[in-house]
Amino acid sequence: MKRALITGISGQDGSYLAELLIGKGYEVWGLLRRHSVPENQTSRLEAIGLLSNPYLNLVYGDITDLPSLLNIMGKVLPQEVYNLAAQSHVRISFDQPAFTTNADAVGVLNILEAVRTICPAAKIYQAGSSEMFGNEVDDDGYRRESTSMRPVSPYGCAKLYAFNLCSVYRSSYGMFIANGILFNHESPRRGLNFVTNKIVAGAVAISKGEASELALGNLEATRDWGHAKDYVRAMWMMLQHETPEDFVCAMGESHSVRELCEEVFSELDLDYRDYVTQDRKYFRPTELHDLKGDSSKLRKTLHWEPEYSFRGMVEEMVAARL
Ligand code: GDD
């Protein structure tokens, strides 16, 4: 039986990945941070019935706490490590830049050292982000593995450090480390302070008469939104490939926040223009204006294809919230 360790198992992607790996016959170990409301840590896993699954083991630990990682690596001896733990909110990274750097950059250094010391043959998946590109883009409007990276947020800077460090450990120590460069990915399990589920939750509340308006930030930014379930499958595929490489995972189409509002509100027979307002507090000091990814390498090399369309994903999110 294969053993996998997932950091960030309490998040959206962690829950989908745990489901996928258990379905494939893995023994899954998940790292949980200590939290004053422990139920918040396991609510996603509980909602999908995984908490009582005998193939899921949860252990307390933190990627900023190297001794905890060394202990867990020694206890689990995983063959695959998926690092999904992060402070993953871009705007909040401006409020908490040091915390973000500790978790998203130094935390990755800790994972690499723990694996190198205890179980150097383990394969590592590092959750990189399209936020690493910043506003750099190829002439055709797409970002791909070869596009230069110049982040515009503390979050993007920390992720880029981790991305580069993974490449260095890969070439210096011959470790199997795959960097995923994932564009935005959403689902009904998405946190409510990310724009997709914020719009879905706000629109549903308005449709039920529980709210009268929805305050957002920049409506003109565009994103390439896919479904988290499709994207965690790509993570797993990257670790099954014979060589460790970097892969962009994206849908290849972008929509503005405004279009997303239109789509979600019209699912509920509402006109977003009657309810959506703008509030400066949701704007970022610097914004990544447009995002569209080219995942040809992932599609050609690993034969990855998404099962969800943008519209299918929005429909699922609205139905789940209703
Ligand atoms: N969160 C949020 N809240 N975003 C808003 C709002 C709002 O009220 N109003 C407009 N936006 C805009 C943001 O300015 C941004 O342009 C876009 O909506 C998407 O914001 P988020 O959903 O917060 O995601 P993100 O693109 O910043 O980051 C996500 O995707 C990255 C991959 O590109 C996160 O999941 C990151 O962890 C991930 O790496």
Side-chain angles (χ1 to χ4, degrees), residues 8 11-14 16 83-96 100 103-105 108 126-137 142-143 147 149 151-163 179-187 189-203 211 213-228 231-232 234-235 248-252 254-264 272 275-293 295 310 313-314 317:
Q12 167 190 258
D13 292 6
Y16 279 110
N83 180 36
L84 312 185
Q87 191 301 94
S88 65
H89 200 285
V90 175
R91 200 198 52 72
I92 293 173
S93 78
F94 288 94
D95 301 332
Q96 296 192 281
T100 303
D104 300 9
V108 177
Q126 165 57 18
S129 163
S130 47
E131 192 72 17
M132 299 186 301
F133 292 115
N135 286 308
E136 297 291 294
V137 59
Y142 288 87
R143 288 160 174 90
T147 306
M149 293 179 176
V152 292
S153 63
Y155 168 83
C157 292
K159 282 285 178 186
L160 183 54
Y161 168 87
F163 175 84
N179 279 307
I181 307 172
L182 269 53
F183 284 60
N184 300 48
H185 43 286
E186 318 294 317
S187 74
R189 300 181 202 169
R190 185 59 140 154
L192 293 177
N193 61 351
F194 291 94
V195 80
T196 49
N197 230 4
K198 180 174 173 181
I199 295 172
V200 168
E213 63 166 43
L214 173 64
L216 295 172
N218 182 4
L219 301 182
E220 311 315 327
T222 69
R223 289 293 181 271
D224 180 329
W225 280 293
H227 196 293
Y231 286 37
V232 301
M235 296 175 188
V248 160
C249 186
M251 300 293 283
S254 66
H255 302 267
S256 66
V257 175
R258 188 182 292 284
E259 281 169 51
L260 179 64
C261 288
E262 222 173 298
E263 188 81 29
V264 171
Y272 80 96
Y275 307 99
V276 169
T277 58
Q278 283 183 291
D279 187 327
R280 292 308 309 170
K281 79 174 175 213
Y282 297 117
F283 282 75
R284 287 126 198 236
T286 44
E287 173 72 285
L288 202 172
H289 303 292
D290 297 297
L291 262 180
K292 191 165 59 171
S295 57
F310 172 70
M313 181 187 78
V314 169
M317 290 176 73

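Being a predicted model, the structure only gives us computed values, none of them experimental. These numbers come from the heavy atoms of this one structure, side chains and all, not from hydrogens, waters or symmetry mates. Remember, it's 1-based here, ligands and their atoms both numbered in the order they're listed.
- Contact record, A215 with K198: O-NZ, 3.1 Å, taken as the closest heavy-atom pair.
- Cation-pi check for R223 over F183 is not met; the charged atom does not lie both under 6.0 angstrom from the ring centroid and within 45 degrees of its normal.
- Side-chain atoms of D224 and N184, non-hydrogen and from C-beta on, never get closer than 4.5 Å to each other.
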Take S93 and Q87 through the test side-chain hydrogen bond (donor to acceptor under 3.5 Å, both in side chains) and record every step on the way to the result.
CA-CA 7 Å; S93 78; Q87 191 301 94; 5.0 Å; no
side-chain hydrogen bond (donor to acceptor under 3.5 Å, both in side chains) assessment of Y272 paired with R258
CA-CA 9 Å; Y272 80 96; R258 188 182 292 284; 3.2 Å; yes
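- Under the 4.5 Å side-chain criterion, counting only non-hydrogen atoms from C-beta, R284 is not in contact with N218.
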Please tabulate protein-ligand N/O pairs under 3.5 Å for ligand 1, atom names and distances to 0.1 Å.
from     : atom 1 : to   : atom 2 : distance (Å)
ligand 1 : 1 (N)  : N193 : O      : 2.9
ligand 1 : 8 (O)  : K198 : NZ     : 2.8
ligand 1 : 9 (N)  : G217 : N      : 2.8
ligand 1 : 14 (O) : R284 : NE     : 3.3
ligand 1 : 14 (O) : E287 : OE2    : 2.6
ligand 1 : 16 (O) : R223 : NH2    : 3.1
ligand 1 : 16 (O) : E287 : OE1    : 3.2
ligand 1 : 16 (O) : E287 : OE2    : 3.0
ligand 1 : 20 (O) : R284 : NH2    : 3.4
ligand 1 : 22 (O) : V195 : N      : 2.8
ligand 1 : 23 (O) : R284 : NH2    : 2.9
ligand 1 : 26 (O) : N184 : ND2    : 2.8
ligand 1 : 26 (O) : R223 : NE     : 2.8
ligand 1 : 27 (O) : R284 : NH1    : 2.6
ligand 1 : 27 (O) : R284 : NH2    : 3.4
ligand 1 : 30 (O) : N184 : OD1    : 3.4
ligand 1 : 30 (O) : N184 : ND2    : 3.1
ligand 1 : 33 (O) : S130 : OG     : 2.5
ligand 1 : 33 (O) : N184 : OD1    : 2.8
ligand 1 : 35 (O) : R190 : NH1    : 3.4
ligand 1 : 35 (O) : R190 : NH2    : 2.7
ligand 1 : 37 (O) : S88  : O      : 2.7
ligand 1 : 37 (O) : Y155 : OH     : 2.9
ligand 1 : 39 (O) : S129 : OG     : 2.6
ligand 1 : 39 (O) : Y155 : OH     : 2.5

